[in-house]
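To start, the structure under review is shown below, and the notes come after it.
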Amino acid sequence: MDERDVALASVWRVVRAIPRGTTLSYGEVARQAGLPRRARWVAVALKAAPPSLRLPWHRVIGAGGRIAFPPGSRLHREQCRRLRAEGREVIGSRVVAAARGTGAADLDAWLWKA
DNA sequence: TGTATGACCCTGA
DNA sequence: CTCAGGGCCATAC
């Protein structure tokens, strides 16, 4: 098990821990995984994640609530669908910050502040 | 070996 | 809002 595997496991662990209805940016995932400033690599890690892990990858979005996939692409639609299924509003490629007081909101309020 | 590409991020104009 | 420019770094060719 080399460094890469450890890093992959760290990222997956963080993503797996994102609560339902909440979102985390790539940069934040990287940071919480102990890989500061490696947001880009988080994308690689997600792409490399075996589907069998059933990671909630849809809860990982770009900074500022931006969906990272090209609008109209299959994955973009899939992510929108899953986020809305968890009660999040999505407008275009933007995931609207959750309103305060609705439970899962505090995290991203802190994240993309306001 | 070198270059290009990308599910990124941030600042500044 | 867009665009540019810097940083980041694994992968693919």
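Since we're looking at a predicted model, the values are computed, not measured. Each chain gets a letter, A, B and so on, in the order its sequence line appears, and its residues count up from 1.
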For residues 33-46 of chain A, run the donor-acceptor check on the side chains, cut-off 3.5 Å, and write out each pair with its distance to 0.1 Å, sequence neighbours left out.
none

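- For A:Arg81, the side chain to side chain contact (heavy atoms under 4.5 Å, CB included) test picks out A:Glu78, with sequence neighbours left out.
- Atom name P, nucleotides C:dG7 and B:dA7: the rounded distance is 22 Å, in whole Å.
- A donor-acceptor distance shorter than 3.5 angstrom exists from the side chain of A:Gln79 to the backbone of A:His58, with no hydrogens or angles considered.
- Where A:Arg94 and A:Leu8 each meet DNA chain C at their nearest nucleotide, the meeting point lying more 5' is that of A:Arg94.
- The salt bridge (charged side-chain N to carboxylate O under 4.0 Å, His left out) search around A:Arg77 returns none, not counting sequence neighbours.
- Separating the P atom of C:dC8 from that of B:dT1 is a span of 22 Å, rounded to the nearest Å.
- Listed by residue number, the members of residues 36-47 of chain A with any heavy atom below 4.0 angstrom from DNA chain C are A:Arg37, A:Arg38, A:Arg40, A:Trp41, A:Val44.
- A:Glu89 pairs by the salt bridge (charged side-chain N to carboxylate O under 4.0 Å, His left out) definition with nothing, not counting sequence neighbours.
- Using a distance-only test at 3.5 Å, with no hydrogens or angles considered, a donor-acceptor pair links the side chain of A:Arg84 to the main chain of A:Val90.
- No donor-acceptor distance shorter than 3.5 angstrom exists from the side chain of A:Arg16 to the backbone of A:Pro56, with no hydrogens or angles considered.
- For DNA chain B, the contact window with chain A, defined by any atom under 4.0 Å from a protein heavy atom, covers B:dG6 to B:dC10 in 5' to 3' order.
- Without hydrogens or angle criteria, A:Arg59 side chain to A:Thr22 main chain gives no donor-acceptor distance under 3.5 Å.
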